[in-house]
Amino acid sequence: MVNETEKHTSDSIEDDTSLDEDGSVSGDANPGTPGKKGAKRFRFLMPFFHNSKKRKTIGFTSIFLTKTNLPIALEDLRFTINDQYFKPEILVGSGKYKKRHVCLIRLRVPVSSLHDMSIHNSFNAFIQIDEDTHINRPVTYNVVLRYYVAAHGRFYFDKDAGTTAFFRQTVGRSIKLTVRHQNHTDSLGANLKLYLAWILSVLYPFRKPILFFEKNASKFEESASEVFKYMINQGKQRIFYVIARDSAATLNIDDKYRKHFIY
């Protein structure tokens, strides 16, 4: 199946539609049809995120679970990111109309479609039921580790745009696409340090340091630096300030503070 990107306009939804609390749109022709709470579920089961520099795409392959109160066909499935619609590849799955589907899908989103996106972008499953009714709902993921939040997929670095893009899990376990400026902590070396710090926190749970930092670990100013210096002057132990090495090199600061820097 060929990937395609579509633009959706309000002309495809009749004026008698109304927005449900759960994000679905149900028309008066089918009152409550797909608007009942719990009637619709879309879930990714442990997605495998993958990017392609050659194809210039960001995406994932995942088991996809659906539950609706009306029969749907996987051929009608689209994923929406803001106002853009993307057709996934159905790698394994039935083409029949059913209320429940278990399938394997692959989604590739062209990087060129990310250029005008904001930092946080909604990601929904969209299925047209009939002329008056469609389902448009967030998709949850990480069903097996359902309480593991703040997970994210692989970073896609766009050097020309100076941005980093990745799919991530929200606190409510839905999936969103983040497109933001590149951070110092996006690098492989910085990520290895973060993982090592996490491992050490597990091995030594009672030796918890107090860390200070400003946004992107790029500054030594404002409230964080003042509280940091105050605690050092009070003789507090295991006090550290996280800052980029290049930023720290330009600072005129006493060595008693500098030795508590983490780069």
Side-chain angles (χ1 to χ4, degrees), residues 1-49 57-110 113 117 120-143 153 167-170 172-177:
M1 183 177 297
V2 179
N3 293 321
E4 61 184 49
T5 304
E6 305 167 358
K7 285 284 186 178
H8 179 72
T9 66
S10 58
D11 295 338
S12 64
I13 304 297
E14 299 295 335
D15 291 338
D16 61 355
T17 58
S18 59
L19 183 65
D20 295 333
E21 291 182 357
D22 60 3
S24 301
V25 177
S26 55
D28 292 340
N30 283 312
T33 313
K36 295 180 180 178
K37 186 177 181 181
K40 303 167 298 300
R41 291 180 184 169
F42 298 101
R43 293 181 178 177
F44 292 126
L45 181 59
M46 302 300 291
F48 171 73
F49 296 95
T57 59
I58 178 174
F60 54 84
T61 300
S62 178
I63 298 173
F64 184 58
L65 313 176
T66 75
K67 176 186 176 183
T68 56
N69 58 351
L70 284 178
I72 62 171
L74 294 176
E75 179 65 25
D76 299 329
L77 174 65
R78 302 291 187 273
F79 292 116
T80 71
I81 303 177
N82 298 337
D83 64 343
Q84 299 186 67
Y85 282 48
F86 301 90
K87 186 175 182 179
E89 297 178 65
I90 310 300
L91 304 178
V92 178
S94 171
K96 298 179 180 179
Y97 280 85
K98 299 191 300 183
K99 294 183 179 181
R100 292 174 180 264
H101 287 273
V102 179
C103 59
L104 182 67
I105 62 101
R106 177 166 59 206
L107 179 68
R108 292 192 177 110
V109 177
S113 65
M117 290 188 181
H120 306 296
N121 303 277
S122 62
F123 183 98
N124 287 3
F126 177 93
I127 297 175
Q128 191 77 41
I129 302 297
D130 54 37
E131 292 183 356
D132 301 314
T133 309
H134 68 251
I135 300 174
N136 188 23
R137 285 184 56 86
V139 185
T140 60
Y141 86 95
N142 238 337
V143 177
F167 288 99
R168 66 178 180 84
Q169 185 184 38
T170 68
R173 303 199 325 274
S174 64
I175 186 170
K176 288 187 180 294
L177 176 65

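Remember, it's a predicted structure, so these values are computed and weren't measured experimentally. Numbers here simply count residues along the sequence, with the first being 1.
One finds the OG1 atom of Thr66 at 6.5 Å from the CD1 atom of Ile127 (value rounded to the nearest 0.5 Å). Atoms CD1 and CG, from Ile72 and Leu77 in turn, are 7.0 Å apart once rounded to the nearest 0.5 Å.
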Report the C-alpha separation of Phe42 and Thr68 in whole Å, then their side-chain angles, then the decisive distance to 0.1 Å, and conclude whether the side-chain contact (heavy atoms from CB on, under 4.5 Å) test is met.
CA-CA 9 Å; Phe42 298 101; Thr68 56; 4.0 Å; yes
Under the side-chain contact (heavy atoms from CB on, under 4.5 Å) rule, what do Ser174 and Val139 come out as? Steps first, then yes or no, please.
CA-CA 5 Å; Ser174 64; Val139 185; over 6 Å; no
Report the C-alpha separation of Lys98 and Arg100 in whole Å, then their side-chain angles, then the decisive distance to 0.1 Å, and conclude whether the side-chain contact (heavy atoms from CB on, under 4.5 Å) test is met.
CA-CA 5 Å; Lys98 299 191 300 183; Arg100 292 174 180 264; 5.8 Å; no
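Side-chain contact check for Ile58 versus Phe167: some heavy-atom pair is nearer than 4.5 Å. Considering only heavy atoms from C-beta on, Val109 stays 4.5 Å or farther from Thr57 through its side chain. Side-chain contact between Leu91 and Arg106 is present, with heavy atoms from C-beta onward closer than 4.5 Å. For the pair Lys176 and Ser122, the minimum side-chain heavy-atom distance is below 4.5 Å. Residues Thr61 and Leu104 form a side-chain contact, since some pair of their non-hydrogen atoms from C-beta on lies under 4.5 Å apart. Side-chain contact check for Ile105 versus Phe60: some heavy-atom pair is nearer than 4.5 Å. The shortest distance between side-chain heavy atoms of Gln84 and Met117 falls below 4.5 Å. In this structure, Asn136 and Thr80 have side chains that are in contact, with non-hydrogen atoms separated by less than 4.5 Å.
Of the possible polar contacts, none joining the Glu89 side chain to the Leu107 backbone as a donor-acceptor pair under 3.5 Å is found. Proximity of a side-chain donor or acceptor of Ser113 to a complementary backbone N or O of Pro110 within less than 3.5 Å is detected. Counting only distance, with no hydrogens or angles, the side chain of His101 and the backbone of Gly95 share no donor-acceptor pair below 3.5 Å. Between the side chain of Asn121 and the main chain of Leu177, a donor-acceptor pair closer than 3.5 Å is present.
The heavy-atom pair separating Cys103 from Leu74 by the smallest distance is CB-CD1, 3.8 Å. Across every non-hydrogen atom of Arg78 and Pro88, the tightest pair is CA-CD, 4.3 Å.
Checked by atom type, the side-chain pair His120/Arg168 shows a donor-acceptor distance below 3.5 Å.
Between Glu75 and Lys87 there is a salt bridge, since at least one side-chain N of the basic residue sits less than 4.0 Å from a carboxylate O of the acidic one.
For an aromatic pair to be called close, the ring centres must be under 6.0 Å apart, and Phe79 with Phe123 satisfies this. Between Phe44 and Phe64, the gap from one ring centroid to the other is short of 6.0 Å.
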